[in-house]
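The structure is given below, and queries will be raised subsequently.
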Protein chains: 2
Amino acid sequence: MNTSQLCPKFEKAMSILSQRWTGLVIYQLLSGPQRFCTIESSIGISGRLLSDRLKHLENEGVVKREVFPETPIRIEYSLTEKGKDLRPLMKELEKWSQNWIDSEDTLED
Amino acid sequence: MNTSQLCPKFEKAMSILSQRWTGLVIYQLLSGPQRFCTIESSIGISGRLLSDRLKHLENEGVVKREVFPETPIRIEYSLTEKGKDLRPLMKELEKWSQNWIDSEDTLED
DNA sequence: GTAACTTAATTACTTTTCGTAAGTAAGTGT
DNA sequence: ACACTTACTTACGAAAAGTAATTAAGTTAC
């Protein structure tokens, strides 16, 4: 049972951002529209989960999928206005990580 | 294999925030030091996971656990400076959620 | 003094999600 | 024809989450 007393909009926003990989996918797309395999290799997510996350973000209206029927065909993912508006938040997280995360203390590769 | 090209500090910061419940726990503690059961009921997390998350956040230096040997004994959780410095980020998420999350589109209770 | 209650957990068990690897469909390059 | 690339999907074992019951230490109620 969820007996939360928090703002539902805030909770919803947090639920999007707190799903594994989702934040990194958005962050990566802030540098511009990109193809599936580019995102995949830049953040180290598996195809299975990237496919899932992009679909989820598309449903939330954060990410846009565009098919360019060139030859070879090209499929690009980009941020919608809603997605782009997360830039200030990402900037804050960048600042925080620079101020507080010790380089000894990062994730193992 | 993680072949990420992102800043390791940013990745680490994101990995903290993108764990389920962790963001809400921090957000809740921004309103001041609180006891276990207060956090539990305010964000709707189970004791099992709250215990886990608080321990994790204590290890990361974001949360501080203090035992007050009064009668009755009181255990309070609060944010460290590192934790308090996440306030601007939370403010950005609040703003974003107000601007972009439709009230029809919130989580079910 | 013992039975019921509270807090801060922990343990046991089930369900959901993740991660790895392999497979697929459509097309390209040689 | 054959290998290669892209954008996925499927299968399956492993890890994490969710639910509920239990515990330990102390409090209050009678």
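To find a chain, count down the sequence lines: A is the first, B the second, and so on, and within it residues start at 1.
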- Message: What's the separation between atom CD1 in B/I75 and atom CD in B/Q34, rounded to the nearest 0.5 Å?
- Response: 15.0 Å
- Could you tell me the separation between the CZ atom of A/R20 and the P atom of C/dT20, rounded to a whole number of Å?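 It is 10 Å, rounded to the nearest whole Å.
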- Task: Measure the distance from CZ on A/F68 to P on C/dG27 and round it to the nearest whole Å.
- Result: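 Result: 18 Å.
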- Task: State whether the side chain of B/K82 and the backbone N or O of B/E60 hold a donor-acceptor pair below 3.5 Å, judged by distance alone.
- Result: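 Yes, because the side chain of B/K82 sits within donor-acceptor range (under 3.5 Å) of the backbone of B/E60.
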- Would you say A/S97 and B/K12 make side-chain contact, with heavy atoms under 4.5 Å?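 They are not in contact (no side-chain heavy atoms under 4.5 Å apart), so the answer is no.
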- What's the CZ-C1' distance between B/F36 and C/dA8, to the nearest Å? 6 Å
- How many Å lie between CG on B/L49 and P on C/dT16, as a whole number?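 Atom CG in B/L49 sits about 15 Å away from atom P in C/dT16.
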- With DNA chain C as reference, determine whether A/Q19 or A/I73 sits nearer its 5' end, using the nearest nucleotide of each. A/Q19
- Message: Just verifying a value: how many Å separate A/E11 CD and B/L93 CG, rounded to the nearest 0.5 Å?
- Response: 11.5 Å
- Side-chain N,O (B/K55) to OP1/OP2 (C/dA8) below 4.0 Å: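 No, no such contact exists.
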- Query: Is the phosphate of C/dC18, meaning OP1 or OP2, less than 4.0 Å from a side-chain N or O of A/W21?
  - Reply: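 For A/W21, the contact criterion (side-chain N or O under 4.0 Å from OP1 or OP2 of C/dC18) is not met.
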- Item | Interatomic distance, A/I45 CD1 vs D/dT9 P [rounded to whole Å] |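 Distance check: A/I45 CD1 to D/dT9 P gives 13 Å.
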- Which residue lies toward the 5' end of DNA chain D, A/R74 or B/R53, if each is placed at its nearest nucleotide?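 Per heavy-atom nearest nucleotide, the more 5' residue is A/R74.
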- How close or far is atom P of D/dT5 from atom CZ of A/R35, stated in whole angstroms?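 Rounded to whole Å, this separation is 13 Å.
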- Query: Base, sugar-phosphate alone, or nothing: which one does A/R48 contact when heavy atoms must sit under 4.0 Å apart?
  - Reply: base
- For the pair made of CD in A/E40 and P in C/dG19, what is the distance, rounded to whole Å? 13 Å
- A/S51 side-chain proximity, nearest of D/dC8, D/dA7, D/dG18: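 Shortest atom-to-atom distance from the side chain points to D/dC8.
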- Nearest-Å distance for atom pair CG/P, residues A/D52 and D/dC8: 12 Å
- Determine whether the side chains of A/E94 and A/Y27 contain a donor N or O and an acceptor N or O closer than 3.5 Å.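 The answer is yes; a qualifying pair exists.
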